[in-house]
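Below is one structure, written out as structure tokens; comments come after it.
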Number of protein chains: 2
Amino acid sequence: MPSGSLALLHWAKMTTLAKILIVDDDPRLRGLLKYFLTDKGFEVNCVANAEQMNDKLIRSFYDLIILDWIMPGEDGLSVCRRLHTEENSPLIIMLTANGSENDSIAGLQCGADDFLAKPFNVDVLLAHIQAMLRRHPRIPDRLVDTHGILIEFGDYTLDLTQRCLLFKHKKINLSSGEFSLLKVLSQQMGKPISREQLSYLIKGQDSQVDCRFIDTQVYRLRKLIETDPSNPIYIQTVRGLGYVMIQHSTTH
Amino acid sequence: MPSGSLALLHWAKMTTLAKILIVDDDPRLRGLLKYFLTDKGFEVNCVANAEQMNDKLIRSFYDLIILDWIMPGEDGLSVCRRLHTEENSPLIIMLTANGSENDSIAGLQCGADDFLAKPFNVDVLLAHIQAMLRRHPRIPDRLVDTHGILIEFGDYTLDLTQRCLLFKHKKINLSSGEFSLLKVLSQQMGKPISREQLSYLIKGQDSQVDCRFIDTQVYRLRKLIETDPSNPIYIQTVRGLGYVMIQHSTTH
DNA sequence: TTGTCTTGTGACAATCTGTGACAATTCACC
DNA sequence: GGTGAATTGTCACAGATTGTCACAAGACAA
């Protein structure tokens with residue numbers, strides 16, 4: 001990889017801003033937090049309940065969720081229990097109107113990563129968010145294509161700008177579907193992604209009932225990039241879940 | 001799932017016997033915390049100041065540091081700034097006698113991962129510790145090489161990043177289920193795990209009534225990695241409990 | 001329009017995994 | 001040591017999941 005691109009990649013990685021989802025039934029608080037956090041450079045989305053949250057989580061990847069404990073429908077505690085069983089779930093900051101010690105213990109035990117009692121100082125919230133994100137590896141899915149981003153795995157380099165795949169500086173032709181699939185998988189390197197999510201992220205359509213076409217695309221992609229397609233090392237199957245991209249270090 | 005089991009599961013998800021270093025100039029607090037945390041299954045060491053802490057950190061590997069802000073010599077804030085620039089530094093919980101918002105902001109900004117104001121409830125501290133370790137299971141440096149996160153037992157190397165098992169550099173094919181089981185057992189090396197916990201950790205589902213399928217998976221895994229599957233040395237049965245993974249030192 | 005390339009569908013094969021049955025083993029109790 | 005219940009090992013089997021590939025419809029350029 002040319003050093004210029006490498007520098008650019010690092011720059012882009014450093015300046016990638018975290019994506020935060022606010023889940024709270026209070027529209028005033030949602031608005032306030034969104035305004036404040038957006039101003040601090042985060043990408044912020046808001047929803048009012050757990051159902052809408054599920055919808056958002058299928059459509060996109062979030063680094064952190066700010067989650068209200070008390071909500072109509074499924075409450076924050078239940079959401080926590082559910083989310084934290086999943087692999088690579090977003091960080092969760094739980095909010096509650098009741099700041100009792102037992103509540104904070106219960107919240108943390110159910111899978112929340114942090115806990116704040118309302119009312120809270122937004123600067124304290126910001127400090128907590130920054131401290132958590134500092135520890136948590138960033139999900140680089142929102143790197144902007146126009147910056148000339150390269151993703152490397154093994155001896156391959158996926159150029160998101162040129163929309164092409166290089167193998168040791170030799171170009172490999174991909175169809176647009178193959179490229180999209182490889183892009184989505186590569187951007188979530190190491191994270192298993194379901195067929196439903198892949199389908200949505202590639203085609204942008206809702207309610208794709210039959211996602212088996214993903215299998216076919218994976219099959220084709222494996223034939224192109226795997227040395228032994230029947231024993232894939234890059235695109236691996238996670239049975240019952242979907243597929244995961246593995247970033248092998250380069251051999252040189 | 002009953003709350004008791006849930007608490008147990010969180011315990012199970014934690015890394016094997018986390019090692020904690022307490023840095024505080026108050027001998028009474030040191031003693032109290034050491035007693036409490038040791039009782040909860042942690043390995044705890046105590047020192048009175050930053051200088052002694054440096055000495056400990058050179059000699060051993062710690063998952064988490066409980067750090068007092070105000071100390072004779074180098075204070076907690078300065079320690080934080082210093083530590084968090086290092087790679088793979090321990091998690092830091094900062095303690096302060098002053099619970100002001102500005103203090104917590106300053107502490108978190110300087111590299112602390114969490115912040116508690118004295119006096120605090122030890123159960124709250126425990127919940128914070130468990131939540132942090134759950135999210136950031138620290139990997140001893142020796143197990144991280146250029147390939148990823150490695151767990152070694154006997155002549156085997158389990159690569160969690162690449163999702164594969166190596167026997168003397170030769171790849172052994174594992175199914176998704178076999179890999180998951182081996183991963184969970186290996187991560188809790190030496191600690192017996194019940195079928196219920198294994199089932200939960202592998203499938204992420206609650207209330208798995210019949211966990212006998214674990215036996216079958218163990219049987220299959222033994223056929224793959226044990227020299228004599230009927231006399232297993234790696235995956236041993238703990239009658240009435242479940243199974244335990246034994247890490248035999250390598251033969252070379 | 002024609003030809004080429006792409007892509008979703010469906011059919012079937014291969015593999016994986018939980019269930020159930022029975023054998024083997026362990027342990028408590030006598 | 002003997003007995004029987006409880007636990008675990010073993011393995012065949014079927015259902016579930018995924019791999020493979022041919023085919024036709026669609027997209028696109030010449």
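Numbered from 1 within each chain, the chains take letters A, B, ... in sequence-line order.
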Next on the checklist: Once you apply a heavy-atom cut-off of 4.0 Å, does A/Arg220 come out as touching a base, just sugar-phosphate, or nothing?
Outcome noted: base
Checklist entry - With distance as the sole test, does A/Glu226 use its side chain to make a donor-acceptor pair with the main-chain N or O of A/Ile235 at under 3.5 Å? => result yes
Checklist entry - How long is the gap from CD1 on A/Ile65 to CE on A/Met94, to the nearest 0.5 Å? => result 11.5 Å
Checklist outcome for this item: Only one of A/Lys19, A/Arg30, A/Lys34 passes side chain to side chain contact (heavy atoms under 4.5 Å, CB included) with A/Val44, and that residue is A/Lys34
Checklist entry - Salt bridge or not for B/Arg135 and A/Asp113, using N-O below 4.0 Å? => result yes
Next on the checklist: Measure CG/A/Asn231 against P/D/dG19 and give the value in whole Å, please.
Outcome noted: 12 Å
Item to check | Nucleotide nearest A/Ser176 (side chain, heavy atoms from C-beta), chosen from C/dT7, C/dT17, D/dT18 | outcome: C/dT7
Checklist entry - Do the non-hydrogen side-chain atoms of B/Tyr243 and B/Leu185 ever get within less than 4.5 Å of each other? => result yes
Next on the checklist: For B/Gly240 and A/Gly242, find the nucleotide of DNA chain D closest to each by heavy atoms; which residue's nucleotide sits nearer the 5' end?
Outcome noted: B/Gly240
Checklist entry - Given atom CG of B/Leu224 and atom C1' of C/dC16, what is their separation to the nearest angstrom? => result 13 Å
Next on the checklist: Nearest whole Å is fine: how far is D/dT20 P from A/Arg222 CZ?
Outcome noted: 7 Å
Checklist outcome for this item: Quick tally for nucleotides 20-30 of chain C: nucleotides whose base has a protein heavy atom under 4.0 Å get B, sugar-phosphate-only ones S, the rest -, giving B-----BS---
Item to check | Spacing between B/Asp215 atom CG and D/dA6 atom C1', to the nearest angstrom | outcome: 13 Å
Next on the checklist: Using whole Å, what does the distance between atom P of nucleotide D/dT18 and atom CD of A/Gln236 come to?
Outcome noted: 14 Å
Checklist outcome for this item: All heavy atoms of A/Gln52 vs all of A/Asn49, minimum pair found to be N-OD1, 2.8 Å
Checklist entry - Which is true for A/Tyr243 with a 4.0 Å heavy-atom rule: it touches a base, it touches only sugar-phosphate, or it touches nothing? => result sugar-phosphate
Next on the checklist: Measure CG/B/Asp228 against P/D/dG9 and give the value in whole Å, please.
Outcome noted: 13 Å
Checklist outcome for this item: Atom CD of B/Gln217 and atom C1' of D/dT10 are separated, to the nearest Å, by 14 Å
Item to check | Counterpart residues, side chain to side chain donor-acceptor pair (under 3.5 Å), relative to A/Ser230 (two or more places apart) | outcome: A/Asp228
Checklist entry - Where do A/Tyr234 and A/Ile225 land on the side-chain contact (heavy atoms from CB on, under 4.5 Å) test, with the steps shown first? => result CA-CA 8 Å; A/Tyr234 294 115; A/Ile225 68 173; 4.3 Å; yes
Item to check | End-to-end axis angle, where each axis spans five pairs of the helix from C/dT1-D/dA30 to C/dC30-D/dG1, to 10° | outcome: 30°
Checklist entry - Do the ring planes of A/Tyr156 and A/Phe167 sit parallel (below 30°), tilted (30 to 60°) or perpendicular (above 60°)? => result tilted
Checklist entry - Nearest to the side chain of A/Arg195 - C/dG18, D/dG19, C/dT7? => result D/dG19
Checklist entry - Atom CZ of A/Phe179 and atom P of C/dT7: how far apart are they, to the nearest Å? => result 13 Å
